[in-house]
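Order of listing sets the numbers, starting from 1, for every ligand and every atom in it. Basis for what follows: all heavy atoms, side chains included, without hydrogens, waters or symmetry-related copies.
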Amino acid sequence: MTIDLNGKTALITGASRGIGEAAARIMAGYGANVVLAARSQGDTNRIASEIGERALAVTCDVARYGDIENAVNQAVKSFGRLDILVNNAGVIDPIARIAESDPEAWDQAVDINVKGVYHGLRAAIPVMKRQGGGVIVNISSGAASNALEGWSHYCATKAAVLMLTRCAHLECVADKIRVVGLSPGTVATDMQRSIKSSGVNPVSRLDWSDHIPPEWAGEAIAWLSTDAARPYDGGDMSLRTEEARRAVGLIS
Ligand code: NAP
């Protein structure tokens, strides 16, 4: 199976580390122009310069609509179009039971995890419509459909992301814009380091070797950007399943 993203432009939020960084490097390897959007400008600049001239770093806080609108505009200005949006930026901190949680921090998780995805959809869909199509990959989680203690902000926001995937696909399919979600399973990134140090709920007690590498999630995102992934449109593909891992080419 070969993935060909030549001539495509992908905007990836949360590309300063972890899954977003891996997706940007892998999609660029498949020929795409990549726009790396995150708050840590030093990291996105470094990664973009390592990727080369087909990469652009844009400072972006997805909680602010103007920032993501600017990232979409920069993608179009630099590369002429926007074919793929990866709504990947997300936070799990601070992990806390509802009774002890900080209302402002809970609010901030909603701003990033839910409103950030809505902002990406709102900014990208009109551009993709004018171009005659596109693909949007929203990064979901098993937490979208499983309750976990200490994660009320995360479970509730990821459930909302799954519903945004469904709604956006329903609204966009007639305009040849595919919207699909990825539930990657547990991935060896900073987010899992934070989960481990919390000591809260069974996910924190997983062995590090239970997590998949971020490159697996990056490969899945690249594959979901292709027409081969159409059967998963309008919902979440779980990378925990053998079927999905085989489709992506991670196992034979
Ligand atoms: P990570 O290593 O902590 O990286 C998170 C990324 O999101 C960083 O690049 C961060 O960049 C960015 N980000 C956070 N807040 C942002 C904001 N307001 N605006 C723009 N970017 C922001 O986490 P990860 O594991 O790669 O997670 C990526 C996605 O996968 C998240 O949506 C997460 O929920 C999901 N996921 C992860 C796992 C897992 O096991 N790791 C499992 C299921 C789903 P800056 O801080 O530089 O802005």
Side-chain angles (χ1 to χ4, degrees), residues 11-26 34-48 57-71 85-95 105 107-120 123 137-146 148 151 153-162 164-165 181-198 201-204 206-218 220-221 224 236-240:
L11 165 60
I12 301 127
T13 69
S16 61
R17 59 179 185 271
I19 294 171
E21 175 183 358
R25 290 185 187 276
I26 287 166
V34 290
V35 180
L36 296 93
R39 295 166 302 181
S40 309
Q41 200 183 351
D43 290 324
T44 48
N45 278 340
R46 172 183 49 79
I47 298 161
V58 178
T59 307
C60 172
D61 179 346
V62 297
R64 298 155 66 104
Y65 180 66
D67 280 15
I68 196 138
E69 191 181 38
N70 174 55
L85 167 66
V86 184
N87 275 317
N88 164 76
V91 290
I92 198 154
D93 288 312
I95 292 169
D107 202 34
Q108 177 68 5
V110 173
D111 281 355
I112 296 171
N113 292 3
V114 183
K115 285 161 70 181
V117 172
Y118 160 74
H119 290 157
V137 183
N138 292 333
I139 307 307
S140 183
S141 166
S145 44
N146 292 300
L148 284 147
W151 287 20
H153 57 318
Y154 192 72
C155 296
T157 55
K158 289 299 183 180
V161 170
L162 174 54
L164 278 173
T165 298
L182 172 67
S183 175
T186 63
V187 188
T189 66
D190 283 359
M191 188 173 280
Q192 282 297 336
R193 269 182 267 281
S194 197
I195 291 166
K196 190 157 236 1
S197 67
S198 75
N201 84 39
V203 184
S204 72
L206 291 173
D207 193 83
W208 197 254
S209 63
D210 293 331
H211 307 317
I212 61 167
E215 289 72 23
W216 279 33
I221 291 166
L224 283 169
D236 280 352
M237 178 181 85
S238 170
L239 204 53
R240 282 186 187 280

Below a 4.0 angstrom heavy-atom separation, can you tell me which part of [X], side chain or backbone, both or neither, approaches ligand 1?
| X | value |
| --- | --- |
| Pro184 | side chain |
| His211 | neither |
| Cys60 | backbone |
| Pro214 | neither |

Should [X] be counted as touching ligand 1, given the test is an N or O pair under 3.5 Å?
| X | answer |
| --- | --- |
| Ile19 | yes |
| Ala63 | no |
| Thr186 | no |
| Ser40 | yes |
| Gly14 | yes |

Is there a side-chain contact between [X] and [Y] (heavy atoms, below 4.5 Å)?
| X | Y | value |
| --- | --- | --- |
| Ile47 | Arg25 | yes |
| Arg240 | Thr186 | yes |
| Ile19 | Leu182 | no |
| Ile195 | Trp151 | yes |
| Lys115 | Tyr65 | no |
| Glu215 | Ile26 | yes |
| Tyr154 | Asn113 | yes |
| Asp67 | Val62 | no |

Nearest heavy-atom approach of Leu224 to Gly181 is CD1-O, 4.1 Å

May I ask you to identify the nearest protein heavy atom to [atom], giving residue, atom name and distance to one decimal place in Å?
| atom | value |
| --- | --- |
| atom 1 (P) of ligand 1 | Arg17 NE, 3.6 Å |
| atom 27 (O) of ligand 1 | Met191 CE, 3.9 Å |
| atom 13 (N) of ligand 1 | Ala89 CB, 3.8 Å |
| atom 5 (C) of ligand 1 | Gly90 O, 3.8 Å |
| atom 39 (C) of ligand 1 | Val187 N, 3.5 Å |
| atom 8 (C) of ligand 1 | Ser16 OG, 3.5 Å |
| atom 46 (O) of ligand 1 | Arg39 NH2, 3.0 Å |

Taking the side chain from [X] and the backbone from [Y], do they hold a donor-acceptor pair closer than 3.5 Å?
| X | Y | value |
| --- | --- | --- |
| His153 | Ile92 | yes |
| Thr13 | Ala89 | yes |
| Thr165 | Val161 | yes |
| Asn45 | Gly42 | no |
| Ser183 | Gly142 | yes |

Which atoms from ligand 1 have a heavy atom of [X] less than 4.0 Å away?
| X | value |
| --- | --- |
| Asp61 | 17 (C), 18 (N), 19 (N) |
| Tyr154 | 33 (C), 34 (O), 35 (C), 36 (N), 43 (C), 44 (C) |
| Asp190 | 2 (O) |
| Gln192 | 39 (C), 40 (O) |
| Gly18 | 2 (O), 26 (O) |
| Ile139 | 29 (C), 30 (O), 35 (C) |
| Val91 | 14 (C), 15 (N) |

Pick, from [options], the option with the minimum heavy-atom distance to [atom].
| atom | options | result |
| --- | --- | --- |
| atom 19 (N) of ligand 1 | Val62, Thr59, Thr44 | Val62 |
| atom 32 (O) of ligand 1 | Thr189, Asp111, Asn88 | Asn88 |
| atom 38 (C) of ligand 1 | Gly185, Ser141, Gly218 | Gly185 |

Does atom CZ of Arg64 have more than 12 heavy-atom neighbours from other groups under 6.0 Å away?
no

For Tyr118, I'd like to know if atom OH has over 12 heavy atoms of other residues, nucleotides or ligands within 6.0 Å.
no

Among Val137, Ile139, Val117, exactly one meets side chain to side chain contact (heavy atoms under 4.5 Å, CB included) together with Asn88. Which residue is that?
Ile139

Heavy-atom gap [X] to ligand 1 smaller than 4.0 Å:
| X | value |
| --- | --- |
| Ala37 | no |
| Ser140 | yes |
| Ile112 | yes |

